[in-house]
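Right, one structure below, let's go through it.
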Amino acid sequence: MNDQDRRSMPLFAIGIVKKLTELTARQIRYYEDHDLIQPERTTGNQRLFSFNDVDRLLEIKNYLDKGVNLAGVKLLLDPSMKKAEEAEEKATEITERELRHMLKHELYEAGRFGKSSLRQGELSRFFH
DNA sequence: ATTCTTACA
DNA sequence: TGTAAGTA
């Protein structure tokens with residue numbers, strides 16, 4: 001078994017994830033409803049989160065703290081966002097005034113790092 | 001004891 | 001988002 005398999009392995013119940021991310025169960029479930037994460041389910045319908053899910057939630061939390069709304073976070077975490085211009089259009093179209101001003105410039109620079117660099121540390125430094 | 005869904009403040 | 005209710 002390789003690292004990727006390990007990172008995507010369904011291991012933690014929501015109670016663990018709450019402690020790890022300091023998010024409420026309400027928020028975690030809400031983000032799932034909005035397709036920002038897709039945790040596995042046990043036979044009893046209980047959510048099981050992987051390391052990737054936890055990292056993802058941490059990133060979501062960071063963006064949210066920076067003032068980006070769900071629509072914006074969704075775009076930032078979307079693998080299809082390879083070009084800043086593309087994301088910029090969608091962002092301004094969906095979240096209008098919220099992201100338009102702030103995200104315009106920052107997404108442009110962030111986009112220059114490409115998909116693989118759209119991770120926690122690297123991109124977050126653009127959001128001040 | 002925990003988590004889940006639904007629904008209302 | 002928080003929280004209450006009724007379950008699984």
Side-chain angles (χ1 to χ4, degrees):
Chain A
M1 183 189 287
N2 57 53
D3 283 16
Q4 292 301 0
D5 293 328
R6 254 182 287 279
R7 294 181 64 69
S8 57
M9 186 178 275
L11 302 170
F12 330 104
I14 200 167
I16 303 295
V17 180
K18 283 175 57 182
K19 295 179 180 176
L20 257 29
T21 64
E22 299 206 47
L23 286 170
T24 66
R26 179 80 167 86
Q27 295 175 302
I28 297 170
R29 294 176 184 131
Y30 184 72
Y31 304 151
E32 180 190 21
D33 287 333
H34 290 269
D35 306 303
L36 273 72
I37 52 172
Q38 33 276 176
E40 221 75 3
R41 293 286 182 137
T42 64
T43 306
N45 198 42
Q46 305 239 139
R47 269 168 272 250
L48 279 187
F49 304 79
S50 65
F51 278 113
N52 278 162
D53 290 324
V54 175
D55 287 341
R56 181 113 173 162
L57 285 169
L58 255 16
E59 292 185 42
I60 293 171
K61 188 188 179 190
N62 285 332
Y63 285 133
L64 256 28
D65 289 336
K66 293 300 181 183
V68 181
N69 60 35
L70 274 199
V73 174
K74 194 167 187 177
L75 287 175
L76 290 166
L77 270 43
D78 189 326
S80 68
M81 186 203 85
K82 296 181 180 300
K83 298 179 181 179
E85 297 75 42
E86 215 174 282
E88 186 181 322
E89 289 178 34
K90 295 178 183 176
T92 56
E93 172 183 42
I94 298 175
T95 68
E96 311 172 319
R97 47 189 168 297
E98 289 96 331
L99 292 180
R100 184 170 46 202
H101 185 68
M102 181 193 98
L103 223 48
K104 215 164 197 174
H105 170 251
E106 310 190 290
L107 266 183
Y108 178 74
E109 297 204 285
R112 306 192 68 227
F113 284 85
K115 170 192 173 186
S116 62
S117 294
L118 290 179
R119 295 173 187 290
Q120 221 170 1
E122 294 141 311
L123 188 56
S124 65
R125 78 185 180 80
F126 288 107
F127 293 79
H128 295 307

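Naming: A, B, ... by sequence-line order, numbering from 1 per chain.
Tested against A:Leu23 for a side chain to side chain contact (heavy atoms under 4.5 Å, CB included), the candidates A:Lys61, A:Lys18, A:Arg29 yield a single pass: A:Lys61. A side chain to side chain contact (heavy atoms under 4.5 Å, CB included) with A:Leu36 is found for one member of A:Val73, A:Ile28, A:Leu57 and no other, namely A:Val73.
We find that A:Asp53 and A:Arg56 are not joined by a salt bridge, their nearest charged nitrogen and carboxylate oxygen being 4.0 Å or further apart.
Atom CG in A:Asp33 sits roughly 17 Å away from atom P in B:dT3 (whole-Å rounding). Separating the NZ atom of A:Lys18 from the C1' atom of B:dT3 is a distance of 10 Å, rounded to the nearest angstrom. Counting to the nearest Å, the C1' atom of B:dT2 and the CD atom of A:Gln46 are 7 Å from each other. We find that CG of A:Asn45 is positioned 20 Å from P of C:dG6, with the value rounded to whole Å. Between the CG atom of A:Leu23 and the C1' atom of B:dT3 there is a distance of 17 Å, given to the nearest Å.
Side chain of A:Thr24, nearest nucleotide from C:dG2, C:dT1, B:dC4: C:dG2.
Phosphate contact (OP1/OP2 of B:dC4, side-chain N/O of A:Tyr30, threshold under 4.0 Å): absent. Under 4.0 angstrom from either OP1 or OP2 of B:dT5 there lies at least one side-chain N or O belonging to A:Arg41. Contact annotation: A:Gln27 side-chain N/O to C:dT1 OP1/OP2 distance is under 4.0 Å.
Counting any heavy atom pair closer than 4.0 Å across all strands shown, A:Gly15 reaches sugar-phosphate atoms only and no base atom. A:Ala13 comes within 4.0 angstrom of the backbone, heavy atoms only, and of no base.
Partner assigned to B:dA1 is none, using Watson-Crick or G-U wobble distances below 3.5 angstrom.
Side-chain atoms of A:Arg47 and base atoms of B:dT3 include no donor and acceptor less than 3.5 Å apart.
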**Report entry** Working for side-chain hydrogen bond (donor to acceptor under 3.5 Å, both in side chains), residues A:Asn62 and A:Asp65
**Finding:** CA-CA 5 Å; A:Asn62 285 332; A:Asp65 289 336; over 6 Å; no
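The salt bridge (Lys or Arg N to Asp or Glu O under 4.0 Å) check on A:Arg47 picks up A:Glu32, with sequence neighbours excluded.
Nearest-nucleotide positions on DNA chain C place A:Leu64 closer to the 5' end than the other of A:Gly44 and A:Leu64. Nearest-nucleotide positions on DNA chain B place A:Arg29 closer to the 5' end than the other of A:Arg29 and A:Arg26.
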